[in-house]
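Just so it is clear, the model here is predicted, and its values are computed rather than measured.
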Amino acid sequence: TSGGTNAKAWLMQGLDSDFRLKTQLDDYSGGELALSIERTAGVVNNHQFYTEDSERMRLTTTGLGIGTSSPQSLLHVVGSSTSSQIIIENTDAGSAAAPDLFLYRNSSSPADSDSLGNIEFRGKNSAGAETRYAINNAKIIDTTSGTEDGQVEWQILNDGNFQKVLTMNPTEIVINEDSNNTNFRVESDSDANALFVDGGTNRVSIGDSSPGSPLDVKSSEAANTANF
C-alpha cells in the first residue's frame, strides 16, 4: 500500500534460499527489514522477526528464540541486561491469587516418586563449563486419589556433588538429609547462635557455636540458664 508523504509500502524480496518482507517509504527508498523466512530445498527452516532492522526473535524447528538465533529448547530467552528478563503481570483488582505460574507434569501414567520438575540455577565454573549450582525439585509421594502427597526438596552443590539441604513432605521437614558435615544455625534478635547444631561433632548448643557436650547451654543472664 502507498499514498501520502512518507507512507509505508511492503516489499517482498525473493532470494535463492529465502524471501524477505520489508517496510519502505512510498518512493521505495530506504526501509527496514521486518520479516525473513529461510528455506532449504523448498522447506521452511525458520522465521526471523525484526525491529529497527535488528533481529529480535527467531522461530526454528527446535523452538522460539528471543535474543538468540539458535534456541536450544521450545522457548529460549537470552539477554545481557541485569534488569528483569521475564515479567508476568496481572492487573486484576480482585482478591484472587494472580498471576499464577503452573509447572504441570501431564503424565498418562502418574506413579509414586515421579518427579514433577526442577527449577535449576546454573552458571559457569573456573573452566568455563556450564554448571548446576542449586536445584529446587518437586515430586509425587503418593498418587492415590483423595490422599495424594507431594514433596519439595532443595539441593546445592557441595564440593562437586549435590547435597539435599532441605526436604519437605507431609510427614517431616528434614534439614541435611544426606548427613553432610553441615552446621545448622538459628539467629534471634540479639543472639547469632540461639540454636546451633554442629554437623561435625553431632552436638547441639543454645547460645554458643562450639558445643562442648551433646547439649550445651550457655547464657550471660543472671537468671537460670535452663529449667527442667
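Proximity of a side-chain donor or acceptor of Gln72 to a complementary backbone N or O of Ser70 within less than 3.5 Å is detected. Not one N or O on the side chain of Asp191 forms a donor-acceptor pair closer than 3.5 Å with the backbone of Ser188. Between the side chain of Ser84 and the main chain of Ile86, no donor-acceptor pair closer than 3.5 Å is present. For the pair Arg185 (side chain) and Ala192 (backbone), a donor-acceptor distance under 3.5 Å is present. Between the Asp216 side chain and the Gly212 main chain, a donor and an acceptor come within less than 3.5 Å of each other. For Arg105 (side chain) and Gly117 (main-chain N/O), no donor-acceptor pair under 3.5 Å exists by modelled atom type. Of the possible polar contacts, none joining the Asn202 side chain to the Pro214 backbone as a donor-acceptor pair under 3.5 Å is found. No donor-acceptor pair closer than 3.5 Å links the side chain of Asn193 to the backbone N or O of Leu195. Proximity of a side-chain donor or acceptor of Asp198 to a complementary backbone N or O of Arg203 within less than 3.5 Å is not detected. In this structure, the side chain of Asp142 engages the main chain of Thr144 through a donor-acceptor pair within 3.5 Å.
The distance from the OG atom of Ser113 to the CD atom of Gln151 is 8.5 Å, given to the nearest 0.5 Å. The structure places CG of Leu166 at 11.0 Å from CD of Gln155, a figure rounded to the nearest 0.5 Å. Remark: Ile119 CD1 to Leu103 CG distance equals 6.0 Å, nearest 0.5 Å. Rounding to the nearest 0.5 Å places NZ of Lys218 at 12.5 Å from CD1 of Ile206. The structure places OG1 of Thr60 at 9.0 Å from CG of Asn45, a figure rounded to the nearest 0.5 Å. In this structure, the separation between CG on Leu116 and OG on Ser107 is 10.0 Å, given to the nearest 0.5 Å.
Hydrophobic clustering of Ile, Leu, Val, Met, Phe, Trp and Tyr side chains at less than 4.5 Å, counting indirect connections, keeps Ile141 apart from Ile135. Connection of Val174 to Trp154 is not established within any shared hydrophobic cluster, with ILVMFWY side chains joined at heavy-atom distances below 4.5 Å, either directly or through further cluster members. Residues Tyr104 and Val152 fall into different hydrophobic clusters, defined by Ile, Leu, Val, Met, Phe, Trp and Tyr side chains chained together at heavy-atom separations under 4.5 Å. Taken together through direct or relayed side-chain contacts under 4.5 Å among Ile, Leu, Val, Met, Phe, Trp and Tyr, Leu157 and Val165 form parts of separate hydrophobic clusters. Connection of Leu64 to Leu35 is established within a shared hydrophobic cluster, with ILVMFWY side chains joined at heavy-atom distances below 4.5 Å, either directly or through further cluster members.
Side chains of Asn118 and Asn137: a donor-acceptor N/O pair is present below 3.5 angstrom, by distance only. In this model, a donor atom of one side chain and an acceptor atom of the other lie less than 3.5 Å apart for Thr182 and Gln163.
Arg56 pairs by the side chain to side chain contact (heavy atoms under 4.5 Å, CB included) definition with Thr51, Glu52, Ser54, not counting sequence neighbours.
Residues Glu153 and Lys139 fail the side-chain proximity criterion, which asks for heavy atoms closer than 4.5 Å.
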What's the verdict on side-chain contact (heavy atoms from CB on, under 4.5 Å) for Phe162 and Ile156, showing C-alpha distance, side-chain angles and the deciding distance? CA-CA 5 Å; Phe162 275 103; Ile156 60 171; 5.8 Å; no
Asn125 vs Tyr133, test: side-chain contact (heavy atoms from CB on, under 4.5 Å). Steps then yes/no. CA-CA 10 Å; Asn125 61 17; Tyr133 284 94; 3.8 Å; yes
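The nearest pair of heavy atoms linking Thr167 to Glu177 is OG1-CB, 4.2 Å. The two residues Ser69 and Glu55 come nearest to each other via the heavy atoms CB-OE2, 3.9 Å. When all heavy atoms of Asn180 and Asn176 are compared, the closest pair comes out as O-ND2, 2.7 Å. In terms of heavy-atom proximity, Phe196 sits nearest to Pro211 at CD2-CD, 4.0 Å. Closest of all the heavy-atom pairs between Gly150 and Pro170 is O-CD, 3.2 Å. Closest approach of Phe184 to Ile175, counting heavy atoms only: CE1-CD1, 3.1 Å.
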Please tabulate, for side-chain N and O atoms in residues 87-98, each donor-acceptor pair with protein atoms closer than 3.5 Å (sequence neighbours left out).
from  : atom 1 : to    : atom 2 : distance (Å)
Asn90 : OD1    : Asp92 : N      : 2.8
Asp92 : OD2    : Gly94 : N      : 2.9

